[in-house]
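Working notes, structure below.
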Amino acid sequence: MQIKALPGFRDFYPEDFAYRRHILEAWRRVALRYGFEEYDGPPLEQVDLYTVKSGEEIVTQLYAFTDKGGREVALRPEMTPTLARMVSARARGLKKPIRWFSMPQLFRYERQQRGRLREHFQLNCDLIGEAGPAGDAEIIALAVDIMRELGLTSGDVRVRLSDRRLLNAVLGEVGLPEGQHGLAYQLLDKLGRGEYGKVKEALEEGGAPPDALARLEKVREIRDWDGLSDAFPAAANAADPLRQVVGTLEAMGLGEFVDLDLTIVRGLAYYTGVVFELFDARGELRAICGGGRYDHLLEALGGDALPALGFGMGDVVLLELLRERGLLPQASPQVDVFLAAVTPEDLPEVLGLAHLLRDHGFRVEYPLTMTGVGKQLGLANSRGARYAVVLGPEDRKRGEVQLKDLGSGEQRSVSQAELPKILRGMGLEDSRAPSPQPSQTSHG
RNA sequence: GUGGUUGUAGCUCAAUCGGUUAGAGCGCCGGAUUGUGGUUCCGGAGGUUGCGGGUUCGAUUCCCGUCAGCCACCCCA
């Protein structure tokens, strides 16, 4: 019986890893572009970190166990508690607003489905210490720009935007007491779905006015500010922050991505303001990204009271969407130059030349076992090499090599000494790390 | 955790009503080709039909269990 990867866990074969890297590098590029700094924490934490505030539900889906020291521990299911702890520990000393991002691998023990595994990579971007709507717009713009970075347009991806403050005003306007807001959120989330009836019954049994629920259903049809004012004239006043967020996004030129959608609830209980999700425009896949404002969470976790907001974006659904839209990168050549030896006597020189080229930062391969030149060129071809260098007795006599462009088939004889310079001139990149720069101390 | 559905080669699929040695394409390996790759041609390897049990003279096919994938719940990183 062959042992396979655990259910919900992925093997990343080279082609899969290339896709993963494509996504994670796009995440990092855009986050850095927004001035965010990267951080990380431990993948294993005390269970208490998650049981205190993250809601009871998450605890039932933890990868948790007792370690050899008798500690109750869990693989991290989300990053926010770790972030809150790290920020709290240094909150007084950090310049606000704090812009931090992380790309942790997260774990949840639940039955897997398409787009939902037991492990995934998730970009977390958080903006801490900024209470105004400009911060909300900044964080949403970051999420949208990642979509654009990956080649997705407003025809592929939509932002659905809502605001807890506005929703609370709506619930108040229709006459639902605060004690029933939790169920009402569930109702909104289920609008138009099969389980709607169950939640509705629960609300009615709790004494919710039937006409209030009927009125609440209109939330589903609201798509713009006029629609909001018509349906809920009193609550519309609470829409100011959200209007400012949308206005800011429009000023950035990202307005075409954004839809007002008050049925966006988000499961996490700690959201206090703007909440949003990113979906594929056809609505076939699960949410790509979800986030919002959580102004009281840091204080609730025992830290300073700091306004905060952020989002999480997983790699799994994003990968599916990119695959469907044909936006995944073609496998790029893995080597620049493949060296071929004509006879075994040429091998020492091939090895020396290979090493020289590698020292220059070229990606170089040569055959590990001696075969015919045809076979070696076949290998060069299958390795995606751009150039082949053929070295035989005749070439050695003249101190030259045959340089062959494997794309065009053109071949010429060039001197060994000038090979690095010639290759550089043909546009091959230097894979070496840039030479060290004096460290910048601009923060001081 | 609950319910439904599907499992045949690395991948995509075929195999008549339950009937001989489970096939094809792609991919992989070798050869045609001992100083020149891709294309082409020839050949080869690769299967306990997910696994276990049952019915039957005989099971890829029918039944049960189990594991895994998918879908819907639950819930939503």
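Throughout, protein chains are lettered first and strands after them, A, B, ... in sequence-line order, and every chain is numbered starting at 1. What you see is a predicted model, and the numbers here were worked out from it, not measured in a lab.
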> Roughly how many Å is it from NZ in A/Lys4 to P in B/C51, rounded to a whole number?
Replying inline: 10 Å

>> Nearest heavy atom decides the nucleotide; on that basis, is A/Pro7 or A/Ala385 closer to the 5' end of RNA chain B?
In response: A/Ala385

>> Base, sugar-phosphate or nothing for A/Arg116? Non-hydrogen atoms, less than 4.0 Å.
In response: base

> Are A/Glu38 and A/Ser102 linked by a side-chain donor-acceptor pair shorter than 3.5 Å?
Replying inline: no

> Touch check for A/Gly407, heavy atoms < 4.0 angstrom, all strands: base, sugar-phosphate only, or nothing?
Replying inline: base

>> Using 30° and 60° as the class boundaries, would you call the ring planes of A/His360 and A/Phe362 parallel, tilted or perpendicular?
In response: parallel

> So which nucleotide does B/G65 pair with, by the Watson-Crick or G-U wobble rule with both distances under 3.5 Å?
Replying inline: B/C51

> Which part of the nucleic acid, if any, lies within contact of A/Leu106, taking any heavy atom under 4.0 Å across all strands shown: a base, the sugar-phosphate backbone alone, or nothing?
Replying inline: sugar-phosphate

>> Rounded to whole Å, how long is the line connecting atom CD of A/Gln186 with atom P of B/C73?
In response: 14 Å

Identify each atom pair where a protein N or O and an N or O of nucleotides 30-36 of chain B are less than 3.5 Å apart, giving names and distance.
unit_1 : atom_1 : unit_2   : atom_2 : d
B/G31  : OP2    : A/Lys375 : NZ     : 2.4
B/G35  : O6     : A/Pro393 : N      : 3.4
B/G35  : O6     : A/Glu394 : N      : 2.7
B/G35  : N1     : A/Asp395 : OD2    : 2.7
B/G35  : N2     : A/Asp395 : OD2    : 2.9
B/U36  : O2     : A/Lys404 : NZ     : 2.9
B/U36  : O2     : A/Gln411 : OE1    : 3.1
B/U36  : N3     : A/Gln411 : OE1    : 2.8
B/U36  : N3     : A/Gln411 : NE2    : 3.2
B/U36  : O4     : A/Gln411 : NE2    : 2.9

> For the pair made of CZ in A/Arg114 and C1' in B/A68, what is the distance, rounded to whole Å?
Replying inline: 18 Å

>> What is the separation between atom CD on A/Gln113 and atom P on B/U6, rounded to the nearest whole Å?
In response: 18 Å

>> Any donor-acceptor pair under 3.5 Å linking the side-chain atoms of A/Gln402 with those of A/Asp395?
In response: yes

> For A/Leu117, which contact category applies under a 4.0 Å heavy-atom criterion: base, sugar-phosphate, or nothing?
Replying inline: base

> Any salt bridge between A/Arg383 and A/Glu365, counting N to O under 4.0 Å?
Replying inline: yes

With the criterion being N/O to N/O and under 3.5 Å, what pairs connect the protein with nucleotides 42-44 of chain B, and how long is each?
none

>> Between A/Arg28 and A/Glu149 (salt bridge meaning N to carboxylate O under 4.0 Å), is one present in this structure?
In response: no

> Is A/Gly115 touching bases, backbone alone, or none of the nucleic acid, heavy atoms closer than 4.0 Å?
Replying inline: base

>> Could you tell me how far B/G10 sits from B/G47 if I compare only their P atoms? Round to whole Å.
In response: 7 Å

>> Both distances below 3.5 Å, Watson-Crick or wobble geometry, any strand: find the nucleotide opposite B/C70.
In response: B/G4

> Whole Å only: how far is the CD atom of A/Glu110 from the P atom of B/C70?
Replying inline: 12 Å

>> Could you tell me the Watson-Crick or G-U partner of B/U56, where both distances fall under 3.5 Å? Say none if there is no partner.
In response: none

> Under 30°, 30 to 60°, or over 60°: which ring-plane class applies to A/Tyr63 and A/Tyr109, parallel, tilted or perpendicular?
Replying inline: perpendicular

> In terms of the nearest nucleotide of RNA chain B, which residue is placed more toward the 5' end: A/Met79 or A/Leu379?
Replying inline: A/Leu379

> Taking the six-membered ring of A/Phe279 as reference, does the NZ or CZ atom of A/Arg160 fall below 6.0 Å from its centre and within a 45° cone about the axis?
Replying inline: yes

>> When the C1' atoms of B/U34 and B/A15 are compared, how many Å lie between them, rounded to an integer?
In response: 45 Å

>> Nearest to the A/Asn381 side chain among B/A77, B/G38, B/C75, which nucleotide is it?
In response: B/G38

> What is the distance from CZ of A/Phe276 to C1' of B/C76, rounded to the nearest Å?
Replying inline: 16 Å

> Cation over ring, A/Arg266 on A/Tyr271, under 6.0 Å and within 45°?
Replying inline: no

> Expressed as a whole number of Å, how far does the C1' atom of B/U2 sit from that of B/A9?
Replying inline: 36 Å

> CZ of A/Phe338 versus C1' of B/G38: gap in Å, rounded?
Replying inline: 15 Å

> With sugar-phosphate meaning primed atoms plus P, OP1 and OP2, does A/Gly290 contact a base, only sugar-phosphate, or nothing at under 4.0 Å between heavy atoms?
Replying inline: nothing

> Roughly how far apart, to the nearest Å, are B/G44 and B/G54 at atom C1'?
Replying inline: 39 Å

>> Without decimals, in angstroms, what is the distance between A/Phe9 CZ and B/A77 P?
In response: 18 Å

>> Taking A/Arg424 first and then A/Asp430, would you say they form a salt bridge - that is, a charged N and a carboxylate O separated by under 4.0 Å?
In response: yes

> Would you say A/Arg111 reaches B/A72's phosphate, i.e. side-chain N/O to OP1/OP2 under 4.0 Å?
Replying inline: no

